[in-house]
Amino acid sequence: MNGISFEVPKNVAQAKELQEELRKELEFCTYDGDWRYICGVDVAYSKGSRVGVAAAMVLGSNLAIEDNSVAMMDVNFPYVPGYLSFREIPVILEALKGLEVEPDIFIVDGQGLAHPRGIGLGCHLGLILGKPTLGVAKSLLVGEFEEPEFVYGDWRPLLYKGNTVGRVVRTRDWAKPVFVSPGHLIDQEGAYNVVMNTLHRYRLPEPTRLAHLLAERTKRESRKKKK
DNA sequence: GCGACAG
DNA sequence: ATCTTGTCGC
C-alpha cells in the first residue's frame, strides 16, 4: 500500500498549485488505533538552516524503542509558512529509508489538516507513504480556539474558516497546549487518541519527542566531528 | 496597506 | 528552527 511520489516544485507558486491538487487526494477516515509500530519524525537544522538532519524513531505499543534512523542533507526549499513540507520531506524520506521495521502510523512535528490550504506536512507525508499520519505542532499556524482547561487531556476544537480542522490539546497540567490534526487516513478523534496513547510525562508524544532528541544529538555530534 | 506566520 | 552557560525548580 504505497503512496504517491514527492514532486519538487520550482517555487512557492508551483508549490501552492501542487498542494491544491494533492488536497483532493486526502482521506480522513475513522482510525481503529490498532498499531504495532508508530514512528515519530523530526528535523533539526545546522549551518544556518542550510543542512537538515532528519530523525525517525519507531516505538512499540509499550513505547519502547524498536528502531530508529537518521539522515542529513542540504535543504533547498526555504522556510515559508505554509510550505514546510517541501523543505522537510526530502530529508525525512531519506531517514525513513534507513528503517528496518515498517511503521503502521506516523506522527509529524508540525500541522496536518490545520493548514491554510488544508494540507500541512502531516498530510503531505501521509499521501507519499500511503499510511495513517497525523500532525502535532507546538504552535499555531492557522485557526481560532478557546483555551482548554489546564488539565491533562482536556481539549478544544481548532476552527478555521468555519470548519473544525483539529484539536488544541492540553497534554500536561499547566503546560502550553499542542495542536493536533489529522494528516491522512485518520480522523480527528483518531489523531487525538493516538496522541493521548503515546504521551509519557512530557508535553510532546514520545515518538516525536524522541525523534527530536535524536535529531539534535546527531546534529551536535556531526558539527564537532567536522571541525 | 497592516499583521500573522508549523519548523 | 538556530546562536548559547548557567541557573532555578520539581
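Order of the sequence lines sets the chain letters (A, B, ...), proteins ahead of strands, with each chain counted from 1. As the structure is a prediction and not an experimental result, all values here were calculated from the model.
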By centroid distance (under 5.5 Å) and plane angle (under 30°), are A:Tyr79 and B:dG7 in a stacked arrangement? yes
Nearest-Å distance for atom pair NE2/P, residues A:His115 and B:dG7: 13 Å
Over how many whole Å does the gap from A:Ile89 atom CD1 to B:dG7 atom C1' extend? 13 Å
Rounded interatomic separation in angstrom, taking CD from A:Gln111 and C1' from B:dG7: 10 Å
Interatomic distance, A:Trp174 CH2 vs C:dG9 P [rounded to whole Å]: 18 Å
Whether A:Lys138 contacts B:dA6 is assessed here as follows: a side-chain N or O lying under 4.0 Å from the phosphate OP1 or OP2. Is that the case? no
Have a look at A:Ala114 and say if it touches a base, only the backbone sugar-phosphate, or nothing, with a 4.0 Å heavy-atom cut-off. nothing
Can you find a side-chain donor-acceptor pair between A:Tyr79 and A:Glu88 that sits under 3.5 Å? no
Please state whether the phosphate of C:dT2, meaning OP1 or OP2, lies under 4.0 angstrom from any side-chain nitrogen or oxygen of A:Lys219. yes
With a non-hydrogen cut-off below 4.0 angstrom, is A:Gly82 in contact with a base, only sugar-phosphate, or nothing? base
Rounded to whole angstroms, how far apart are CZ on A:Arg117 and P on B:dC5? 16 Å
Figure out the CG/C1' separation between A:Leu141 and B:dC5, and round it to whole Å. 7 Å
Nearest-angstrom distance from the residue atom CE of A:Met72 to P of C:dA1: 17 Å
Got more than 12 heavy atoms from elsewhere within 6.0 Å of CD, A:Glu216? yes
Less than 6.0 Å separating the ring centroids of A:Phe6 and A:His124? yes
Of the options B:dA6, B:dG7, C:dA1, whose atoms approach the side-chain atoms of A:Leu121 most closely? B:dA6
Rounded to whole Å, the OH-P distance (A:Tyr45 to B:dA6) equals 13 Å
Got a salt bridge between A:Arg23 and A:Glu20, using NZ or NE/NH1/NH2 to carboxylate O under 4.0 Å? no
Just checking A:Tyr83: base, sugar-phosphate only, or nothing, at a heavy-atom cut-off of under 4.0 Å? base
Quick check on B:dC5: is either OP1 or OP2 less than 4.0 Å from any side-chain nitrogen or oxygen of A:Ser139? no
Can you tell which of B:dG7, B:dC5, C:dC3 lies closest to the side chain of A:Ala137? B:dG7
Before accepting this row, confirm whether a basic side-chain N of the pair A:Glu189/A:Arg167 lies closer than 4.0 Å to the acidic partner's carboxylate O. no
